[in-house]
There are 2 protein chains.
Amino acid sequence: MTSGRTADDELRERLVEAADDLFYARGIQAVGMDAVREAAGVSLKKIYALVGSKDELVVAVLRRRARALQEALEASADRAGDARAKVLSVFDFLDAWFCEPGFRGCGFINAFGELGSTTPAVADAVRRQKAAFREFVTELVVAAGGTPQAAVQIALLAEGAQTTAAISGDPHVAREAGAAAATLLDAATPATV
Amino acid sequence: MTSGRTADDELRERLVEAADDLFYARGIQAVGMDAVREAAGVSLKKIYALVGSKDELVVAVLRRRARALQEALEASADRAGDARAKVLSVFDFLDAWFCEPGFRGCGFINAFGELGSTTPAVADAVRRQKAAFREFVTELVVAAGGTPQAAVQIALLAEGAQTTAAISGDPHVAREAGAAAATLLDAATPATV
DNA sequence: TACGGTAGAGAACGATCGTTCTCAGCGCAA
DNA sequence: TTGCGCTGAGAACGATCGTTCTCTACCGTA
């Protein structure tokens, strides 16, 4: 029941997950490879055999986090009722996420701020995730009868909510952002009465 | 014509400005004290006499940046016409800032993402600046007849615009954010016709 | 004019880091 | 059963870092 997964695949998954936890909690450069080795229970020799370098580990972490986020957002949208509710489900998801212990803002924004100008592969991975998020929001907004411009604005609210929640420690900014998103969506959607 | 400024004050100003440029361009941990020494033209001995430690230098940089931002926002608001225009002047300011060469997002968000969980003094300095910004926006919005809730939402747009512009490289997100802010402000302000 | 004290330059110290190298153990084949 | 080759653990290497220490030079006072 391994469906093509080798022992190395499982080691890599354990490694990337352990690194993700540490990088997200403390910042990437504050975490040495020895700490990753200890948290993952994988030797340095094996780590470098699996990922090649610390930079490649960071990129693998960002990719894993991007997939998890996309899946969670899609699951949240799937649970929502009509098209308008699907748009606002983004903020329901953020609301739940911000209240989680260990929440420390957007891992992509943090990584970009720390390494974005010195590590092109990190900058690229972050740009891709943000482009995917914007596209996801645009699809939802357009499906709800809104405009691409409204989608951009709603995505900006979601981005602003993430850094504000992390810095202020107020997890309820997602609700404020959601309320603003509802206002913008309704303003951009012709009434259908 | 020194108005109480000593040679040390001027050295400190030069030091903090040089450090600010380097930290903002590359990330704080990517810049060693030797690079700061070279850029500022101040010896290490003198640097440690002036600021005490690298962490204190970082905090001094954040405080300097906070003052500069507050002054620029206030100057932009002063130049605006009526109360509503003053609210939107925030986005005019952001629009101009995002187009500057060397723009790399919000220095506070970057610093928080990198050091916020390991250096309490950095986290505190960032929280104070964001609280001051929110208060500034609230004053403008309330003066324009809007609600504190609208102010929170407008501040979220400004925050979202900063990270989005940095990551996407699109400097015009400030205009989109401004348009959204106008919509939210108008929706929160009773019509006075 | 000379001596003593203080301030400051930058080399050096001790620590940490990313990555590699050495050695040992295990597995497979003859 | 033995020998060889390959994989992997973690110590070590070389580099970088924040901070301190040593030495020199300058200034002030007697």
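Proteins come first, then strands; the chains are lettered A, B, ... in the order of their sequence lines, and each starts at number 1. Since we're looking at a predicted model, the values are computed, not measured.
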Which atom pairs link the protein and nucleotides 18-20 of chain C when you take only N or O atoms and keep those under 3.5 Å?
unit_1: C:dG18; atom_1: OP1; unit_2: A:K54; atom_2: NZ; d: 2.5
unit_1: C:dG18; atom_1: OP2; unit_2: A:M33; atom_2: N; d: 2.6
unit_1: C:dT19; atom_1: OP2; unit_2: A:Y48; atom_2: OH; d: 3.1
unit_1: C:dT19; atom_1: OP2; unit_2: A:K54; atom_2: N; d: 2.8

Who are the side chain to side chain contact (heavy atoms under 4.5 Å, CB included) partners of A:S89, not counting sequence neighbours?
A:S76, A:A77, A:A80, A:D92
Donor-acceptor contact present, side-chain A:D21 to main-chain A:A39, <3.5 Å:
no
Separation of C:dA7 atom P from B:I47 atom CD1, nearest Å, is 18 Å
Using a 6.0 Å cut-off, check whether atom CD of B:E56 has over 12 heavy atoms from anything other than its own residue.
yes
Side-chain donor-acceptor distances from residues 116-123 of chain B under 3.5 Å, at least two apart:
unit_1: B:S117; atom_1: OG; unit_2: A:A25; atom_2: O; d: 2.7
unit_1: B:T118; atom_1: OG1; unit_2: B:L115; atom_2: O; d: 3.4

Nearest-Å distance, NZ (B:K46) to P (D:dC21)?
19 Å
Rounding to an integer number of Å, can you tell me how far A:R37 CZ sits from D:dA12 C1'?
14 Å
Counting only N and O atoms by type, is there a donor-acceptor contact under 3.5 Å from the side chain of B:Y24 to the main-chain atoms of B:G105?
yes
